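Report on the structure given below.
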Amino acid sequence: MHKDHNSPRSPSTPNGRIRQRRKSNEIPAADLNGSQFLLVDDRNKYRSFWVRAYSSLWMLAVVALILYLGHLFIWATVVIIQIIMASELFNLLRRAHEDKRLPGFRLLNWHFFFTAMFFVYGTIIKKQLVNTVTSDAFFYRVVSGFIKYQMVICYFLYIAGFVWFILTLKAKMYKYQFGQFAWTHMILIVVFAQSSFFVVNLFEGIFWFLLPASLIAINDVAAYVFGFFFGRTPLIKLSPKKTWEGFIGGSIATILSAFVLANALSRFQWLTCPRKDLSTGWVQCDPGPLFKPEYYSLFSWVPNWVGYILYLQSELVLFP
């Protein structure tokens with residue numbers, strides 16, 4: 001049988017298979033200006049809307065239960081979220097091939113993480129810890145020693161981790177190991193340190209933890225709802241479904257909700273009172289001046305010279 005030498009040939013490969021170009025996952029440029037990626041034109045948007053609504057209600061119920069249980073349970077939730085976040089970020093730059101050649105190197109990341117946790121939370125809750133164990137002499141001495149030598153203990157734990165890192169260095173692995181070392185400290189500084197400030201606000205009153213967290217959730221939900229019903233103008237190419245209508249609507253809803261929520265949450269003592277120990281009971285206190293309503297007269301804000309100008313204008317109208 002005669003072969004056609006003029007027919008196009010596929011490039012040969014060592015295993016005889018035809019190599020195909022991998023399809024790109026990027027969104028075509030022509031589709032970025034279109035409306036097929038907007039929620040307002042999505043045919044299945046109502047199904048997605050109800051799925052999100054049901055999941056949000058379940059999450060809201062869980063959050064309400066945790067808030068009802070009090071400060072310690074909220075703190076425990078924050079710690080669990082921090083551990084999950086750290087685990088995900090540690091795995092982000094990990095390579096299985098290099099980790100096999102470095103047994104025990106993953107434990108080093110967690111050593112630095114729990115050293116940072118011991119330092120940060122030991123500094124935050126030292127007063128509450130002392131107030132909790134004042135009735136027991138033995139535990140009071142233990143806690144007093146812990147507070148007295150906390151900085152020294154954290155210093156030696158960090159030095160031990162640094163020596164551990166130096167002893168695990170291997171030839172041809174320096175770049176990967178130093179990259180992991182820098183990535184671990186970046187996680188501790190940017191992620192863990194900032195999220196730990198939530199606990200500082202928490203022990204000053206659940207109000208300071210709940211209000212900003214609620215406003216973040218309200219902004220996210222309001223932006224989704226406004227974009228769902230009114231979104232027509234794409235906001236950013238990185239996320240094609242986000243729209244200017246959702247961004248503006250979410251911003252306005254967040255600003256208005258801040259005034260309403262602040263007024264509503266400040267009426268409950270168990271939300272505004274600071275926690276001075278580590279017990280689980282509800283707290284009661286005399287609300288500070290920040291949470292007591294004050295009334296102002298609108299006319300008292302108007303300077304006297306404004307009234308004088310209005311008086312002169314009335315005189316000119318009556319007697320031109």
Side-chain angles (χ1 to χ4, degrees), residues 70-94 102 104-169 174 177-209 212-213 273-281 283 285 288:
H71 298 72
L72 290 183
F73 291 90
I74 301 174
W75 178 30
T77 304
V78 173
V79 171
I80 292 173
I81 294 174
Q82 286 178 332
I83 294 175
I84 295 174
M85 290 173 58
S87 178
E88 292 292 331
L89 292 173
F90 285 153
N91 293 327
L92 191 61
L93 296 183
R94 284 233 174 97
L102 299 169
F105 189 73
R106 291 188 177 186
L107 295 177
L108 184 61
N109 295 335
W110 289 110
H111 172 81
F112 286 116
F113 177 81
F114 285 109
T115 300
M117 181 176 292
F118 180 70
F119 170 74
V120 173
Y121 287 135
T123 305
I124 293 174
I125 66 170
K126 60 174 60 177
K127 294 181 180 180
Q128 289 82 3
L129 195 58
V130 170
N131 294 333
T132 304
V133 299
T134 50
S135 58
D136 191 290
F138 173 75
F139 285 106
Y140 181 77
R141 289 196 299 269
V142 172
V143 172
S144 299
F146 159 75
I147 294 174
K148 183 178 181 180
Y149 299 105
Q150 180 210 1
M151 299 295 293
V152 177
I153 295 172
C154 293
Y155 173 76
F156 280 106
L157 284 175
Y158 183 82
I159 293 299
F162 187 77
V163 173
W164 182 2
F165 169 73
I166 296 298
L167 294 177
T168 57
L169 290 175
Y174 296 152
Q177 288 181 285
F178 276 99
Q180 289 291 317
F181 184 79
W183 180 244
T184 300
H185 285 73
M186 185 64 66
I187 293 172
L188 296 180
I189 296 173
V190 176
V191 178
F192 176 77
Q194 293 188 18
S195 59
S196 298
F197 290 129
F198 278 106
V199 181
V200 179
N201 293 334
L202 173 64
F203 283 100
E204 292 297 326
I206 300 179
F207 174 89
W208 302 110
F209 171 84
C273 293
R275 168 66 70 179
K276 298 182 179 179
D277 54 18
L278 297 179
S279 60
T280 57
V283 290
C285 65

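Residue numbers run from 1 in the order of the sequence given. This structure is a prediction, so every number in the text was calculated from the model and none was measured.
Put simply, the side chain of Asp277 reaches to within 4.5 Å of the side chain of Arg275, judged on heavy atoms. Side chains of Trp208 and Val200 form no contact here, defined as non-hydrogen atoms less than 4.5 Å apart. The closest side-chain heavy-atom distance from Lys276 to Val283 is not below 4.5 Å.
Rounding to the nearest 0.5 angstrom, the gap separating the CE atom in Met85 from the CD1 atom in Ile187 is 9.5 Å. Rounding to the nearest 0.5 Å places CG of Leu169 at 9.0 Å from CG of Leu102. With rounding to the nearest 0.5 Å, the separation of NE2 in His71 from CZ in Phe203 is 7.5 Å. Distance check: Tyr121 OH to Gln150 CD gives 13.5 Å after rounding to the nearest 0.5 Å. The CG atom of Leu108 sits 9.5 Å away from the CZ atom of Phe90 when rounded to the nearest 0.5 Å.
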Stepwise, does the side chain to side chain donor-acceptor pair (under 3.5 Å) test hold for Asn109 with Arg106? CA-CA 6 Å; Asn109 295 335; Arg106 291 188 177 186; over 6 Å; no

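For Phe198, the CZ atom sits in a loose shell: 12 or fewer heavy atoms of surrounding residues, nucleotides or ligands are nearer than 6.0 Å. Counting heavy-atom neighbours within 6.0 Å of Tyr155 OH, excluding the residue itself, gives a total of 12 or less.
Remark: the backbone N or O of Ile83 is not paired with any side-chain donor or acceptor of Ser87 at under 3.5 angstrom. In this structure, the side chain of His111 engages the main chain of Leu157 through a donor-acceptor pair within 3.5 Å.
No option in Phe105, Trp164, Phe165 other than Phe165 meets the ring-ring contact (aromatic ring centres under 6.0 Å, His included) test with Phe181. Gln128 pairs with exactly one of Ile125, Asn131, Val130 by the side chain to side chain contact (heavy atoms under 4.5 Å, CB included) rule, that one being Ile125. Evaluated for a ring-ring contact (aromatic ring centres under 6.0 Å, His included) with Phe112, the options Phe119, Tyr158, Phe118 yield exactly one hit, Tyr158.
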